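Values below: every heavy atom of this structure, side chains too, minus hydrogens, waters and symmetry copies. This is a predicted model, so every value here is computed, not measured.
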Amino acid sequence: MSSSSDEDIPLSKMARKITSNKSSKLKLEDSSDSEDDRTPLQNSKPTPATSYSEDDDDNDDDDDGPLLKRKRKASSTKSDKKPKVKKVKTKSSSTTAVKKEKSKSATKVKKEEPKEEVSSQVKTEAEAEAEDEDDTYKWWEQQDLDGEIKWESLEHNGVVFPPEYEPLPSNVKLYYDGKPVTLPKEAEEVAGFFAAMLESDHAKNPVFQKNFFSDFLLVLEESGGCKDADIREFSKCDFTKMFQHFEKQREMKKLTTSADKKRLKKEKEEFEEPYKWCLLNGRKEQVGNFRIEPPGLFRGRGAHPKTGKFKRRVQPEDVTLNLSKDAKIPDPPPGHQWGEIRHDNNVAWLAMWRENIANSVKYVRFSQNSSLKGISDFKKFEKARELKKYIDPIRKDYKQKLKSDLMIDRQIATATYLIDVFALRAGGEKSEEEADTVGCCSLRFEHIFLKPPNTVIFDFLGKDSIRFYQEVEVDTQVFKNLRIFKKSPKKPGDDLFDRLDPSILNKFFQSYLTGLTAKVFRTYNASKTMQDQIDLIENEGTVNEKVVKFNAANRAVAILCNHQRTVSKSHETGVQKISDKIEEMMWQKIRFKRMILQLDSKQKKKNPEYFQECQDMSKEEEQMIIERFIANEKEKLIKRHERELEKFKIEKATIKKEDQKDTLQKLKDDHKERLAKHAEASKMYKSELRSRKYDIKPNVTVEKLQQQVEKLSTRIQNTALNLKDKEDNSSVALGTSKMNYIDPRLTVMFSKKFNVPIEKLFTKTLREKFAWAVESADENWRF
DNA sequence: GATCTCACTTAGAAAGATAACA
DNA sequence: TGTTATCTTTCTAAGTGAGATC
């Protein structure tokens, strides 16, 4: 099938998640299914992986050999290169800044503000916030954003180091083989890191334990060893005393008065204030992570082979600072020197150091609301919007290439399909020293299961070891290709796309559009999905209802990108509580309806549907609800009384001695009275259940009862909606897509078009990060 | 062309702050 | 007013991709 109508179907819809209702299968491209295509995989003749001959159109010239078998190898550990200060390039621009779509003139170029000293006397955050909004640099009103250099001048105050280690009190010790032992403070610190997380999942992980312990022994040896015992076995170490000490400290911290907490917070803020800001081209901008990461145990995600290893303390000598040549070099901490000073204006970092786990580089960068971050965000979304113009020919092209005679082209086309339709990541190669996670190019034999005629089950761990599990229908030719890519002698452990890696794929993408890479597809499809979802929303209802609809659209994007979060521990009980509440409201509603019938039996004839639900709830169900309701209410009363007694104990001293007895007696009497009322009500409910006779007060009318029923109906509806939202959101993380994938101008457009305050959609941080979008998009903006 | 290095974005967990509830 | 649930921010791990180097 290669009809033109097929071209009209958006590709993102071509493959659908299979639900239990498979009614809407889309017929897709291709074709004359050959006899061979219907042959079960296990019966097909084994062929070498380097060539394939399924049917004629599947024949391959095989002039393109597979990539060298990709070994999962250890990364090299060192680079002693001297830093190079690159020549500053000043390229002419092509990117124009965000055009103001509002009536205000957008072309006015802002004058550079006078350079101010970045010193410990910089304004406080509150003062900075209070500054006139117009004083902030609106880079989006500039015309040229294309320069390659990152800054003309950069000044900052360096970084904040974590506090030195404070040894434990002498009575808090590690126990080895049942006896307390004294450790050198360096080793004690490492043992303490483990002890502090004794009850976490990490500490129960054998790999974590092993890595921690071997690093602990190393530090112990480096620092002079333990004189009290020959520590060799992890199983003989008892960290509980140390753990209890940290728990106690945590409890003490909780008890700090709020005034003290405030004071400590203020002191910390005052100390950190100078490090929070820098001067970028003479303008004050915020620094992001100005705190050097403290030492600790590496918490790798998933099955990381290095999890638990000791992350060493970073010294000033390990830190390289990056700033202008003429900028004042911040003083290193007393007795120390900076590792290196650089003046590289091709990069957007202020400081860096190398960590000891993977020997990778950590950077101190500008904050999310800085102009540099904003500009790169803006460019990212503009590139994704540019893809709009190319997406149709690209899709047409790769659909054709799915049947190419060249294996490499087929693999490229199939991978592009997966990236475009299922928003897979590129999937770069990983070393043995990392968790075994994959993306598109690194998918292996065992990560997909094929179910004829065209169903694929993906099951693999993606970034952060988050499981990607989807059962989907795919294009028939894609299905055929995947079957070829899995054909014998391929076996578990082998790469599905044995001739691909992200750089080959990205080179292919670049032939369509400069700067087009696998990740642009994710941004494009995410924002496109959001635009489509918003287009479906009716402009009606309350602000909160509109926010719920916005979140539902956001959720569609998060699901597309497979953004997940672990279900919170309290989720189950929370859901149960809400479900119980709904049942209780249903029971109350039915109760009111029965009262109506008792007052006026003719009502049933008038509107039998209205009273149908009175029959829907069985007596057993009702009894269960009533009993639970009674028990819950009683528990509430008891807890209330306990709190009152507790309060009385505390306030006793402030009450006159002669009044104390009376006050206590009153509390007890009140409680007794409430319990009596509760007992009476319980008795009434039970009697109602037996006799179906209701004790209705004389002032209660049919109209009043109807009003009550109406109120309850609305409450039930709202609570059910909340419950559904809670369930749907329990494992989906909305934040990641809002922050990284959905063009913020879509959110701003929604806010303006639907009259929803932006504060309801973006937190303060996001409003600052996306200030450029908030100020430039209007209600008609489209992705 | 494979591999390595560097600079950047993207990611979920954990900590902290705030709102809702009893 | 204290407790609990939820929202927001911070932290830092884990990706992508360009360009240098072997």
Side-chain angles (χ1 to χ4, degrees), chain A residues 65 67-68 70-71 73 75-79 81 83-84 86 150 197 200-202 258 261 265 288-289 291-294 296 298-302 304 306-307 311 322 344 346-349 352 354-355 357-363 365-368 372-373 376-377 380 425-431 434-435 437-442 462-466 501-507 509-510 515-520 522-523 558 561-566 568-571 573-574 577 635-637 639-640 643 646-647 650 726 729 731 733-737 739-741 762-766:
Chain A
L67 294 175
L68 275 185
R70 281 168 264 179
K71 273 183 277 165
K73 53 180 175 23
S75 59
S76 71
T77 48
K78 227 175 177 174
S79 102
K81 273 187 300 165
K84 266 194 301 189
K86 290 182 208 156
K150 295 281 171 28
M197 56 204 295
S200 74
D201 290 344
H202 286 296
S258 66
K261 276 185 196 159
K265 197 182 163 202
N289 54 329
R291 294 182 199 95
I292 294 282
E293 290 174 20
F298 172 69
R299 298 169 186 213
R301 309 232 168 111
H304 198 297
K306 290 192 170 184
T307 192
K311 212 171 78 163
N322 191 31
D344 186 354
N346 287 295
V347 295
W349 52 263
M352 59 149 270
R354 211 170 261 284
E355 51 86 40
I357 304 295
N359 197 41
S360 66
V361 182
K362 300 271 188 166
Y363 299 95
R365 301 173 180 285
F366 294 101
S367 125
Q368 288 294 325
L372 280 174
K373 291 271 190 199
S376 80
D377 255 4
K380 174 183 77 181
R425 296 187 184 85
E429 185 189 351
K430 294 191 75 185
S431 86
E434 296 169 277
T437 63
V438 298
C440 183
C441 294
S442 48
K463 183 178 178 179
D464 291 319
S465 295
I466 296 294
D501 66 21
S503 77
I504 293 172
L505 207 53
N506 285 336
K507 257 180 213 142
F509 294 148
Q510 307 268 345
L516 181 60
T517 62
K519 106 191 196 19
V520 179
R522 249 168 101 81
T523 314
C561 296
N562 200 39
H563 292 146
Q564 297 184 23
R565 56 176 183 162
T566 43
S568 74
K569 281 175 192 159
S570 60
H571 177 73
T573 44
K577 257 188 192 171
E635 206 186 310
K636 276 186 210 167
L637 292 179
K639 275 192 178 161
R640 182 180 167 180
R643 273 200 308 273
E646 203 59 38
K647 201 178 157 194
I650 296 164
K726 194 180 165 83
N729 270 333
S731 64
L734 302 189
T736 309
S737 50
M739 169 115 136
N740 301 299
Y741 288 102
F762 277 157
T763 62
K764 181 169 167 274
T765 316
L766 283 185

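In this structure, A:Met352 places its CE atom 13 Å from P of B:dT5, rounding to the nearest Å. The distance from atom CG of A:Asn359 to atom C1' of B:dA7 is 16 Å, rounded to the nearest whole Å. As rounded to whole Å, 10 Å separates atom C1' of B:dG1 from atom CG of A:Asp501. At whole-Å resolution of the value, NZ in A:Lys311 and C1' in C:dA13 are 9 Å apart. Between the CG atom of A:Asn322 and the P atom of B:dC6 there is a distance of 14 Å, rounded to whole Å. Rounded to an integer number of Å, the gap from A:Glu429 CD to C:dG17 P is 15 Å. Atom CD in A:Glu355 sits roughly 18 Å away from atom P in C:dC11 (whole-Å rounding). In this structure, CZ of A:Arg354 is placed 9 Å from P of B:dA7, rounded to the nearest angstrom.
Enclosure of atom NZ in A:Lys507 is not indicated, since only 12 or fewer non-hydrogen atoms of other residues, nucleotides or ligands lie within 6.0 angstrom. Counting heavy-atom neighbours within 6.0 Å of A:Lys726 NZ, excluding the residue itself, gives a total above 12.
Looking at heavy-atom distances under 4.0 Å, A:Ser570 makes no contact with the nucleic acid at all. Looking at heavy-atom distances under 4.0 Å, A:Gly439 makes no contact with the nucleic acid at all. Across all strands, A:Lys507 comes closer than 4.0 Å to no nucleic acid atom at all (heavy-atom distances).
Comparing A:Phe298 and A:Leu766 along DNA chain C, the residue whose closest nucleotide (by nearest heavy atom) sits nearer the 5' end is A:Leu766. Both A:Thr765 and A:Glu293 sit near DNA chain C, but only A:Thr765 has its closest nucleotide nearer the 5' end.
Considering only side-chain N and O atoms, A:Ser360 lies nowhere under 4.0 angstrom from the phosphate OP1 or OP2 of C:dA13. Look at A:Lys726 and you'll find a side-chain N or O under 4.0 angstrom from OP1 or OP2 of C:dT6. A close approach under 4.0 Å does not occur between any side-chain nitrogen or oxygen of A:Lys306 and OP1 or OP2 of C:dA13. Phosphate contact (OP1/OP2 of B:dA17, side-chain N/O of A:Lys265, threshold under 4.0 Å): present. Put simply, A:Asn506 has a side-chain N or O that comes within less than 4.0 Å of OP1 or OP2 on C:dG17.
Qualifying side-chain contact (heavy atoms from CB on, under 4.5 Å) partners for A:Ser376, counting only residues two or more places apart in sequence or in other chains: none. Under the side-chain hydrogen bond (donor to acceptor under 3.5 Å, both in side chains) criterion, A:Asn729 pairs with A:Arg555, sequence neighbours left out. Applying the side-chain hydrogen bond (donor to acceptor under 3.5 Å, both in side chains) criterion to A:Lys306, with sequence neighbours excluded, gives A:Glu433. Residues satisfying the side-chain contact (heavy atoms from CB on, under 4.5 Å) criterion with A:Thr517, sequence neighbours excluded, are A:Asn506, A:Gln510, A:Lys519, A:Val520. Scored by the side-chain hydrogen bond (donor to acceptor under 3.5 Å, both in side chains) test, A:Arg522 finds A:Tyr741 as partners (sequence neighbours excluded).
Between A:Glu355 and A:Lys311, no side-chain nitrogen of the basic residue sits less than 4.0 Å from a carboxylate oxygen of the acidic one, so the salt-bridge criterion is not met.
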Contact letters for nucleotides 8-15 of chain B, in which S counts primed atoms plus P, OP1 and OP2 and B counts the base, heavy atoms under 4.0 Å: BBBSBS--
